[in-house]
Amino acid sequence: MSKLNSYNPATGEFIGDVPVTPEKAVTEIVRKAHEAQHSWGDLPVEERIDVLKKAASELQKESQKIALLLSKEMGKDIRRSYGEVAGCAGSVEYVANQVKDAIKPISCYGGQSVIEYNPLGVCAIIYPWNYPVSMAHWMLIPALTAGNAVILKPSEETPLVALAYVNVMNRVLPENLLQIVFGDEKQGKMLVKSDVDFIGFTGSMSAGRDIMSQAGRNLKPVIMELGGKDPCIVLEDADIDSAARFAVSNSIENAGQMCISTERVFVDYRIADKFIDKLKEYLMYFKVGSYTDPQANVGPIINEKQRNNILRHIDDAISKGAQVAGGSMDHPENFINPLILTGITDDMLVAKEETFGPLVCVTTFENIEDAIASANGTDYGLGGVVFGGYDAEYVASKLDVGMAGINTGAGGGGDTPWVGDKMSGVGYHGSPDGHRQFTQVKVINRA
């Protein structure tokens with residue numbers, strides 16, 4: 001049986017391996033999932049939540065150990081890894097109760113009609129490496145609470161932390177209710193074509209198109225989040241310090257390997273010099289290095305292919321007139337130093353394609369309508385942010401995004417949906433309507 005090897009992206013060191021799931025095994029995994037789902041879906045939702053709370057307790061107990069593995073396998077520092085794992089464990093009860101409220105039957109027409117939200121069956125969740133616990137967990141808990149079985153297909157870059165997560169959850173969950181498939185895009189395609197009832201996917205636009213095409217043949221419901229090219233627009237009356245702090249931190253967080261990372265910064269020309277000076281100040285707080293370096297807060301790029309893509313974007317920008325206003329071009333092996341690039345124009349790759357690297361890419365503007373047009377001039381529309389006063393509400397309303405932030409980040413607070421516009425996604429999770437996407441709606445009408 002072939003193996004899927006895992007390596008430390010900071011050093012290239014071999015960490016471990018898992019067996020690649022063969023095609024015949026995928027069919028059997030799905031069959032077992034259907035069997036497990038029947039009894040799980042028949043349980044009252046309160047009993048399902050009790051089980052999930054126990055699983056969350058186990059995850060909390062193992063959060064330090066899983067966080068260390070996450071740092072080894074994905075590269076982020078241990079503080080961020082622990083926050084990811086412990087945060088997932090701590091959110092289970094809250095999210096599960098939100099789902100319970102969302103899927104309560106709704107009485108209509110004086111009680112003659114009732115809207116029910118029943119389990120779909122088996123949900124396949126295919127997810128990336130950049131947040132290898134959160135990306136699974138955010139769909140897993142609503143799916144299980146709603147009465148479904150789940151099959152995870154993690155990225156081939158982070159199989160070990162996925163296995164550790166599943167093993168801990170399965171200390172409590174019924175047998176075969178949560179299973180895992182290992183491999184690359186071949187195994188992902190097998191899972192999409194199999195007898196699953198729902199597909200949740202986070203990843204590239206090209207892979208999303210393929211999944212949408214395959215799922216459409218059997219009209220399977222999907223939720224897909226397909227990346228972003230998030231703008232940050234800084235108006236003349238913005239708090240320059242707050243705007244600069246956000247622009248740097250949200251461009252560099254997770255080494256820029258974040259779907260809602262700030263990928264373009266548009267600043268009013270009248271405050272541009274002061275703003276760029278502040279960017280330089282905040283850039284000094286970031287240091288690349290392995291998770292073993294307690295001073296490091298910017299980890300490695302996940303693999304050579306992605307690192308080369310970032311370097312290609314940098315070289316293209318410089319060749320077309322961009323300037324390096326902050327940071328060093330002397331990039332260590334396996335890492336990219338955080339950079340401030342100014343003079344960014346719409347014809348550069350960093351303006352059009354998702355870079356997924358620690359770059360603060362700055363464009364000055366004189367006319368706000370021009371900045372809005374450039375910000376909207378990509379296929380993506382996940383999130384966007386505006387800093388300012390008088391015109392901030394107007395600018396936020398004009399951004400073609402699923403989530404807009406005014407003087408703060410784009411993600412909503414509480415149980416709000418994680419949603420994209422344009423080619424950044426289809427459907428969404430989070431919020432009552434998002435939780436209901438893991439269910440089959442059924443209307444019961446009585447005489």
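Heavy atoms only: backbone and side chains are in, while hydrogens, waters and symmetry mates are out. In this text the structure is predicted, and so the values were computed from the model without any measurement.
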Does [atom1] belonging to [X] count more than 12 external heavy atoms closer than 6.0 Å?
X: Glu185; atom1: CD; result: no
X: Glu93; atom1: CD; result: no
X: Glu175; atom1: CD; result: no
X: Lys442; atom1: NZ; result: no
X: Glu333; atom1: CD; result: no
X: Glu393; atom1: CD; result: no
X: Glu23; atom1: CD; result: no
X: Met212; atom1: CE; result: no

Straight-line distance of [X] [atom1] to [Y] [atom2], nearest 0.5 Å:
X: Cys232; Y: Leu399; atom1: SG; atom2: CG; value: 10.0 Å
X: Glu73; Y: Thr158; atom1: CD; atom2: OG1; value: 5.5 Å
X: Arg264; Y: Ser251; atom1: CZ; atom2: OG; value: 12.0 Å
X: Gln306; Y: Ile336; atom1: CD; atom2: CD1; value: 9.0 Å
X: Phe438; Y: Leu140; atom1: CZ; atom2: CG; value: 9.0 Å
X: Cys259; Y: Glu354; atom1: SG; atom2: CD; value: 8.0 Å

Problem - Among Leu173, Leu144, Leu177, Val122, side-chain contact (heavy atoms from CB on, under 4.5 Å) partner for Val150 - result: Leu144
Practice task
With Leu339 as reference, evaluate Ile252, Ile310, Leu359 under the side-chain contact (heavy atoms from CB on, under 4.5 Å) test and give the passing residue.
Solution key: Leu359
Completion exercise
side chain to side chain donor-acceptor pair (under 3.5 Å) filter on Lys61, not counting sequence neighbours, yields Glu58
Non-hydrogen side-chain atoms of [X] and [Y] separated by less than 4.5 Å:
X: Ile211; Y: Met224; value: yes
X: Glu263; Y: Thr378; value: no
X: Cys108; Y: Ile115; value: yes
X: Lys189; Y: Asp210; value: yes
X: Gln64; Y: Leu68; value: no
X: Ser242; Y: Asn407; value: no
X: Val265; Y: Ile344; value: no
X: Ile260; Y: Met403; value: yes

When you measure from the side chain of [X] to the backbone of [Y], do you find a donor-acceptor pair of N or O atoms at a distance under 3.5 Å?
X: His34; Y: Asp195; value: yes
X: Thr21; Y: Phe182; value: yes
X: Gln437; Y: Tyr428; value: yes
X: Ser91; Y: Cys88; value: yes
X: Gln214; Y: Val192; value: no
X: Asn297; Y: Tyr285; value: yes
X: Lys76; Y: Asn130; value: yes
X: Asp77; Y: Gly289; value: no
X: Thr355; Y: Gly357; value: no
X: Glu157; Y: Asn303; value: no

Fill in the blank from the handout: Across all chains, not counting sequence neighbours, the salt bridge (Lys or Arg N to Asp or Glu O under 4.0 Å) partners of Glu35 are Arg31
Practice task
Could you give me the CA-CA distance, side-chain angles and deciding distance for Lys422 and Asp379, then say whether side-chain contact (heavy atoms from CB on, under 4.5 Å) is met?
Solution key: CA-CA 6 Å; Lys422 300 191 291 189; Asp379 291 333; over 6 Å; no
Practice task
Could you verify whether a donor N or O on one side chain and an acceptor N or O on the other, from Asp230 and Thr262, lie under 3.5 Å apart?
Solution key: no
Practice task
Say whether Gln98 and His435, considering side chains only, have a donor N or O and an acceptor N or O under 3.5 Å apart.
Solution key: no
Taking every non-hydrogen atom, the tightest pair across [X] and [Y]:
X: Ala215; Y: Val222; result: CB-CG1, 3.7 Å
X: Ala296; Y: Ser290; result: CB-O, 3.8 Å
X: Leu311; Y: His331; result: CD2-CD2, 3.8 Å
X: Pro300; Y: Ala255; result: O-CB, 4.2 Å
X: Pro9; Y: Ile301; result: CB-O, 3.8 Å
X: Phe335; Y: Arg307; result: O-NE, 2.8 Å

Is the ring pair [X]/[Y] parallel, tilted or perpendicular, if the boundaries are 30 and 60 degrees?
X: Phe14; Y: Tyr7; value: perpendicular
X: Phe387; Y: Phe246; value: tilted
X: Phe356; Y: Trp129; value: perpendicular

Exercise for the section: Show your working on side-chain contact (heavy atoms from CB on, under 4.5 Å) between Asp415 and Tyr94 and close with a plain yes or no. Expected result: CA-CA 9 Å; Asp415 192 25; Tyr94 170 79; 3.7 Å; yes
Problem - Phe201 six-ring centre to Lys153 NZ/CZ under 6.0 Å and within 45° of normal - result: no
Practice task
For Lys398, check side chain to side chain contact (heavy atoms under 4.5 Å, CB included) against everything at least two apart and list the hits.
Solution key: Ile372, Tyr394
Problem - Salt bridge present between Arg312 and Asp315 (N-O < 4.0 angstrom) - result: no
Exercise for the section: Take Thr345 and Thr363 through the test side-chain contact (heavy atoms from CB on, under 4.5 Å) and record every step on the way to the result. Expected result: CA-CA 7 Å; Thr345 53; Thr363 300; over 6 Å; no
Problem - Verdict with reasoning, Ser194 to Leu191, per side-chain contact (heavy atoms from CB on, under 4.5 Å) - result: CA-CA 5 Å; Ser194 72; Leu191 194 55; 3.9 Å; yes
